[in-house]
Amino acid sequence: MSDAGKAVLVRGVVKDFGKIRALSKVSIEIDEGIIFGLIGPNGAGKTTLLRILATLLKQDEGEVKVFGYGLPENRVLVRKYISYLPEDAGLYSRLTGWENLYYYAMLYYGRTGKALEVTEIGAKISGLSERDLNRKVSEYSKGMVRRVSIARTLMIGSKLVILDEPTSGLDVFSAYAIRKTLKEYSRNNSVTIVLSSHNMLEVEDLCDVVALINKGRVIVQGPPKDLIRAYNGRNLEEVFISLAGEGM
Amino acid sequence: MNSVYVVVWKELKDMLRDIRTLAAIAFLPLLILPLMSLTSIYAQGLQPGYVALINYDKTSGSVGGVNITSEDILKEISEALEKNGLHVIYGASANADATIIIKEGFAKNLTSLTERARLEIIKTLGSSKADQVENIVLNLINDLNFRLASLKVIELSGIAGLNVSVDSVLRPVEAQVSVVGVGGAPVSYEEAIKVYISRFLSFSLIFVTTPSTAYITDSVIGEKERKTLEALLSTPVPRHALIIGKVVSTSLIGLLTGFTNALGLLLFAYVPSLIYGINLFYLIPGSVMLAHFIAIYFSVLSSLALVTPAVIRSGSYRAAQASSMIIISVATIVFFISLYVDIEQLSNVFKWLLYLIPYTHASLFIKFVALGMLREALTHLTILLLVIAGLMYVSIKLFNEERIIYGRT
């Protein structure tokens with residue numbers, strides 16, 4: 001099997017935390033330039049897999065490659081190509097929104113003009129006014145925090161963007177705004193986005209390819225429409241329930 | 001260096017904007033310690049002290065041609081007590097902090113060549129004023145003993161027809177104390193005082209060691225608990241830059257807090273000395289003050305270097321703080337030892353054990369600067385830097401993303 005054109009390649013990955021098996025022989029492939037959704041209930045193993053891709057965890061068994069670079073041995077190099085937003089990620093509350101963006105820009109580009117340029121891009125992606133961006137984050141609503149966090153992750157221009165539950169806990173308007181931002185960004189920049197969610201309807205609307213994951217195993221992988229057709233469901237939720245079993 | 005700057009940039013902004021914490025940690029000691037000093041002095045003055053004087057003596061006596069009655073002695077005692085702010089009550093009193101009883105036959109025995117005069121001090125349990133009374137009266141008795149003994153020696157020598165020097169009889173040994181420097185050259189009493197002050201300055205470093213540990217804990221574990229650490233760890237910022245950046249920025253804040261803490265302690269000692277007419281700061285040379293300032297910074301850095309390996313292996317804020325407190329508490333033993341002991345003169349095993357603790361070198365650095373031994377001072381400063389660098393290296397090697405993220409909280 002050729003690795004060319006693959007942003008992510010995961011083969012037979014196992015990850016244990018003590019006696020608990022978080023991932024059991026997981027294999028997925030993610031093509032470059034698509035939005036890939038990992039869907040499954042809480043505790044399914046989505047965050048563990050994303051943390052491995054984000055170079056924060058080492059798998060116990062199996063092979064992981066990001067743009068052809070094996071992990072964990074190439075983690076220092078891979079970090080230059082990825083940007084990661086953990087679930088419920090916070091911002092630095094005593095810094096302004098703009099300073100939060102600038103800090104991350106500097107972490108990637110140092111104290112350069114490019115860092116300022118990237119910060120301006122982040123400010124635009126966030127959709128917040130200049131006045132709001134110059135306020136301390138401690139004064140922000142949860143939706144504003146998430147918009148700046150998403151902007152901070154996207155502005156870097158990484159080839160692979162990893163988002164763990166990006167709309168979790170947000171109201172309908174904020175979640176809609178973030179989905180719209182992700183779609184536009186993906187279309188305009190042809191980057192690969194890997195996101196996790198337990199909201200299957202959201203993923204169905206947003207992702208080109210999804211993988212259904214439950215109890216540390218990938219049940220099925222493919223474009224949402226194909227999966228719905230193949231398993232005679234009205235939506236991904238019904239497909240997941242029929243595959244995972246109603247009792248789970 | 002660029003990555004370190006970026007981390008320092010963010011950390012300093014974050015810490016300096018937390019005004020309330022900064023004020024509590026940095027400026028409160030500057031206010032509280034001198035205030036404690038002042039209040040303790042004036043509180044003593046505000047506490048009334050009562051002394052009951054009871055005289056059972058009706059006798060009188062004469063020695064060396066001088067007539068003495070117990071009333072004369074009582075008057076002396078009474079004046080000394082009142083001079084020290086104590087209230088004298090003649091006769092027994094239930095409210096007295098101390099009671100002084102002049103026993104029957106006191107004056108007669110005082111002037112006798114065969115008997116001893118007796119005076120009793122009865123202290124009330126738990127009274128701080130009673131201890132003060134005891135000190136005053138015993139000092140007075142010492143003086144009285146010498147005066148009376150002198151008169152008796154003069155009288156006896158007159159009877160015996162001998163030419164006698166009172167001091168030769170009563171103080172046959174005379175001790176002369178002088179201080180010499182390391183090379184054997186004599187030094188002034190003032191110079192000797194400066195070295196004692198340098199010991200006190202070394203001890204004052206004990207107060208600079210703890211505030212910075214709260215900041216490094218917050219900088220690492222606080223980030224984890226506020227959910228900002230995970231994203232940061234996925235960025236290309238090198239781990240050594242992350243640790244050095246956090247330690248350097250914390251040390252700068254620690255320097256401020258450490259400096260105000262040490263200054264607070266100096267003011268704690270300075271305020272009473274000023275009240276009693278001694279300018280302590282005048283006795284501290286500029287070089288020692290500079291050495292103290294340098295030692296403060298490196299003591300802060302030492303604290304951070306000591307606790308960072310434990311902090312980055314801790315799962316929670318509480319666990320990190322507890323580990324830090326244990327490490328710092330053990331290490332600060334050095335400051336107590338340096339107050340009473342010459343570390344370089346200890347037995348080899350004990351000395352080298354202490355040398356492993358970076359604070360030892362900060363303390364010795366100040367001492368050698370005060371003694372004017374610059375080569376030795378710089379040697380200990382260099383060792384201090386090497387120990388700090390070694391501990392930082394350990395922190396970098398122990399840094400593990402997985403452990404930090406999944407550490408038990």
Side-chain angles (χ1 to χ4, degrees), chain A residues 15 17-18 20 22 47-48 50-60 72 75-96 99-100 102-112 115 136-138 145 149-150 152-153 156 158 160-164, chain B residues 1-23 215 218-246 249 253 312 315 317 396 399-409:
Chain A
K15 179 69 187 174
F17 294 107
I20 298 165
T47 298
T48 304
L50 294 187
R51 281 175 172 165
I52 290 173
L53 297 181
T55 74
L56 300 174
L57 290 185
K58 293 172 188 172
Q59 70 276 21
D60 297 326
R75 60 185 182 278
V76 174
L77 185 68
V78 167
R79 281 174 191 145
K80 292 179 182 165
Y81 300 119
I82 64 166
S83 51
Y84 169 55
L85 180 68
E87 186 183 4
D88 293 332
L91 293 174
Y92 299 103
S93 59
R94 289 185 205 100
L95 268 58
T96 65
E99 284 167 343
N100 268 279
Y102 185 50
Y103 177 49
Y104 264 69
M106 284 200 292
L107 288 173
Y108 282 82
Y109 299 105
R111 293 159 65 201
T112 58
K136 279 188 193 167
V137 167
S138 54
V145 169
S149 304
I150 296 276
R152 188 183 74 178
T153 314
I156 303 299
S158 303
L160 176 64
V161 174
I162 304 163
L163 307 166
D164 194 359
Chain B
M1 279 310 284
N2 206 352
S3 299
V4 173
Y5 168 84
V6 173
V7 177
V8 171
W9 176 88
K10 178 253 141 187
E11 293 290 334
L12 282 182
K13 266 191 193 307
D14 201 16
M15 288 187 259
L16 289 171
R17 284 179 187 171
D18 187 5
I19 301 290
R20 204 177 298 176
T21 308
L22 204 60
Y215 277 97
D218 187 66
S219 183
V220 179
I221 304 298
E223 273 223 38
K224 178 191 169 182
E225 294 186 350
R226 290 189 291 271
K227 296 182 184 293
T228 52
L229 187 64
E230 211 176 316
L232 178 65
L233 294 177
S234 70
T235 67
V237 64
R239 298 305 176 250
H240 72 268
L242 201 60
I243 292 171
I244 293 171
K246 281 182 181 291
S249 46
I253 298 292
I312 61 173
Y317 201 94
I396 293 164
F399 195 87
N400 179 301
E401 289 93 356
E402 191 162 333
R403 195 180 166 107
I404 287 187
I405 294 167
Y406 285 99
R408 273 177 289 173
T409 56

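Note that the structure is predicted; figures quoted are calculated from it, not measured. Every chain is numbered from 1 and lettered A, B, ... according to where its sequence line falls, protein lines coming before strand lines.
Ranked by heavy-atom pairs under 4.5 Å with chain B, the list Pro86(A), Ala54(A), Ser149(A) is led by Pro86(A). With respect to chain B, the highest number of heavy-atom pairs below 4.5 Å among Leu91(A), Leu57(A), Leu56(A) belongs to Leu56(A). Contact tally against chain A (heavy-atom pairs below 4.5 Å) for Leu232(B), Leu233(B), Leu229(B), Val237(B): the top residue is Leu232(B). Your options are Asp18(B), Val7(B), Ile405(B), Asn400(B), and the one with the most heavy-atom pairs under 4.5 Å with chain A is Asp18(B).
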Exercise answer: donor-acceptor pairs, residues 77-84 of chain A side-chain atoms, under 3.5 Å, sequence neighbours excluded:
from	atom 1	to	atom 2	distance (Å)
Arg79(A)	NE	Thr55(A)	OG1	2.9
Arg79(A)	NH2	Thr55(A)	O	3.4
Arg79(A)	NH2	Glu401(B)	OE2	3.1
Ser83(A)	OG	Thr153(A)	O	2.6
Ser83(A)	OG	Ser158(A)	OG	3.3
Tyr84(A)	OH	Glu230(B)	OE2	2.7

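For the atom pair CG of Leu95(A) and OG1 of Thr228(B), the computed distance is 10.5 Å after rounding to the nearest 0.5 Å. The CZ atom of Arg17(B) sits 6.5 Å away from the OG1 atom of Thr96(A) when rounded to the nearest 0.5 Å.
Neither the backbone nor the side chain of Ile162(A) comes within less than 4.5 Å of any heavy atom in chain B.
Within the cation-pi definition used here (under 6.0 Å to the ring centroid, within 45° of the axis), Arg51(A) qualifies as a partner of Tyr406(B).
The minimum heavy-atom distance linking Lys58(A) with Glu402(B) is given by the pair N-OE1, 3.4 Å.
Taking Lys227(B) as the reference, Asp88(A) meet the side chain to side chain contact (heavy atoms under 4.5 Å, CB included) condition, with sequence neighbours excluded. Shown here are the salt bridge (charged side-chain N to carboxylate O under 4.0 Å, His left out) partners of Asp218(B), two or more places apart in sequence or in another chain: Arg226(B).
Below 4.5 Å, heavy atoms of chain B meet heavy atoms from Tyr104(A), Met106(A), Leu107(A), Tyr108(A), Gly110(A), Arg111(A), all part of residues 104-111 of chain A.
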